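What you see is a predicted model, and the numbers here were worked out from it, not measured in a lab.
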Amino acid sequence: MSSLLEAYVQTEDFDIAQEYQYLRENNSECGAFVSFLGQVRDFNEGDSVSSLELEHYPGMTEAVLNKLLQEASDRWAISRAKIIHRVGALQASDKIVWVAVSSAHRADAFAACEFLIDALKTQAPFWKKECAEHGERWLDAKDSDQAKARQWMK
Amino acid sequence: MSSLLEAYVQTEDFDIAQEYQYLRENNSECGAFVSFLGQVRDFNEGDSVSSLELEHYPGMTEAVLNKLLQEASDRWAISRAKIIHRVGALQASDKIVWVAVSSAHRADAFAACEFLIDALKTQAPFWKKECAEHGERWLDAKDSDQAKARQWMK
Amino acid sequence: MITLLYFARYREVLGLDSEQLVFAKPCTVQDVIEQLKQRGEPWSSTLSDSKLMLAVNQTIASAEQELNDGDELAFFPPVTGG
Amino acid sequence: MITLLYFARYREVLGLDSEQLVFAKPCTVQDVIEQLKQRGEPWSSTLSDSKLMLAVNQTIASAEQELNDGDELAFFPPVTGG
């Protein structure tokens, strides 16, 4: 049985109830659903963040996300997986990213979901610019993200 | 900052949108939300399951779930965590269990969420009886669940 | 007097979910098990189950634990929730 | 002719998101970088960034990669999405 894998890059918000419906509909052979939601935090390194601008590389982003979904599906027994990543202007507490995985077995769902967000953070061409009290600045990539991504390397 | 930890054992269904609202409301210092949903599968070991009866030990169940939440909060930097476990009669595709965790950091949210469901599966006094084509039977505990739970031992 | 509770398949096999038991101190969980086994089947085989789990006052316990008046002793098979 | 793309802070510093570049084969990504650096600042320091990342035709590439007519070469800093 091949997996149902989908990735979306969009400015629009998404609805969590609808995303769970997508995961669960006609999917009663799956017992386990794991999801990750990332939202805009109202602070980052001590500075109060009022908004975020998310830039991406159209085309390459979708290609990378689809490649990661395929890799997750190859490595773990998953039934469905979906990534949604927003771009454009976002405010504190806005949703940024959604990664949801269904599987017959919870360990596969957890591993695939965490792999996807860790790999996305270091491989998918998105860039965040923070608009805080003291002006705008592009975020620096975190070494801790690189370290997390390396843990998944075979 | 102390964590907000809640456990519920109930016959009623729960609403995922509402649970996400609980996690996210006035919680903009948290960037990461990880949730696990378990639902009744329509098969188990080859036999078509039409319904499930979930029994528990009132009092002890809540005590165990609260102890596990406290342990998760002691081991990882989490902000909120909630467990909902249903009891009574459940049908295929019904939700059984919800474990949701918020944190400033995704690795903590993933670890705490997976720990909670793994530990619940071996420590919380719930028992499943399957009503399948060929009659009723109490489920046997799985060795794989014991193995997963052992991985979290310090 | 202690309260005994039986859950899941044990409750069904024994046809009983709880009972009160008079006991003489000192008494361990194992002493209670031996006393119950003397009722014959299905008690004898049920309480000989190698997977039998015990809780005293809602906390997992071992068969060596001493019991006190008013204690709640529960017998159940390995848990299968989640 | 190849298409050059600049993202995030590079796009802002260079004041440019894309351009077409005429090139003579054989030509590697490194050759293009050297050619762009000769424009002076801010090109020189931006393209000397030790964290500079490259993609050729939307796939991560190294500076040694050879370019062909019609290729898309993108320059960007380490990614920070999610």
Could you please show the donor-acceptor pairs under 3.5 angstrom between chain D and chain A, with distances rounded to 0.1 Å?
| from | atom 1 | to | atom 2 | distance (Å) |
| --- | --- | --- | --- | --- |
| Ala8(D) | N | Glu55(A) | OE2 | 2.8 |
| Arg9(D) | NH2 | Asp140(A) | OD1 | 3.0 |
| Arg11(D) | NE | Glu55(A) | OE1 | 3.3 |
| Arg11(D) | NE | Glu55(A) | OE2 | 3.1 |
| Arg11(D) | NH2 | Glu55(A) | OE1 | 2.4 |
| Glu12(D) | OE1 | Trp138(A) | NE1 | 2.9 |
| Glu12(D) | OE2 | Lys129(A) | NZ | 2.5 |
| Gln58(D) | OE1 | Met60(A) | N | 3.1 |
| Glu72(D) | OE2 | Tyr57(A) | OH | 2.5 |
| Pro77(D) | O | Trp127(A) | NE1 | 2.9 |
| Thr80(D) | N | Phe126(A) | O | 2.8 |
| Thr80(D) | O | Lys128(A) | NZ | 3.4 |
| Thr80(D) | OG1 | Lys128(A) | N | 2.8 |
| Gly81(D) | N | Phe126(A) | O | 3.4 |
| Gly82(D) | N | His85(A) | NE2 | 2.8 |
| Gly82(D) | O | Lys128(A) | NZ | 2.7 |

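Contact annotation: the side chain of Pro26(D) approaches that of Glu66(D) to within less than 4.5 Å [non-hydrogen atoms, C-beta and beyond]. In this structure the side chain of Phe33(A) reaches within 4.5 angstrom of the side chain of Cys30(A), judged on heavy atoms.
The distance from the CG atom of Leu52(D) to the CD1 atom of Ile33(D) is 5.5 Å, given to the nearest 0.5 Å.
In this structure, chain A has a heavy atom under 4.5 Å from the side chain of Ala55(D), while its backbone stays farther away. In this structure, chain A has a heavy atom under 4.5 Å from the side chain of Leu5(D), while its backbone stays farther away.
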query: Going through the distances and angles, do Glu34(D) and Gln38(D) end up as a side chain to side chain donor-acceptor pair (under 3.5 Å)?
result: CA-CA 7 Å; Glu34(D) 294 308 324; Gln38(D) 285 171 16; 6.0 Å; no
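Shortest non-hydrogen contact noted between Val79(D) and Ala141(A) is O-CB, 3.9 Å.
For the side-chain contact (heavy atoms from CB on, under 4.5 Å) with Leu67(D), the qualifying choice from Val29(D), Leu21(D), Asp31(D) is Val29(D), the only one to do so.
Take Glu19(D) and apply the salt bridge (Lys or Arg N to Asp or Glu O under 4.0 Å) test, not counting sequence neighbours, and it matches Arg39(D).
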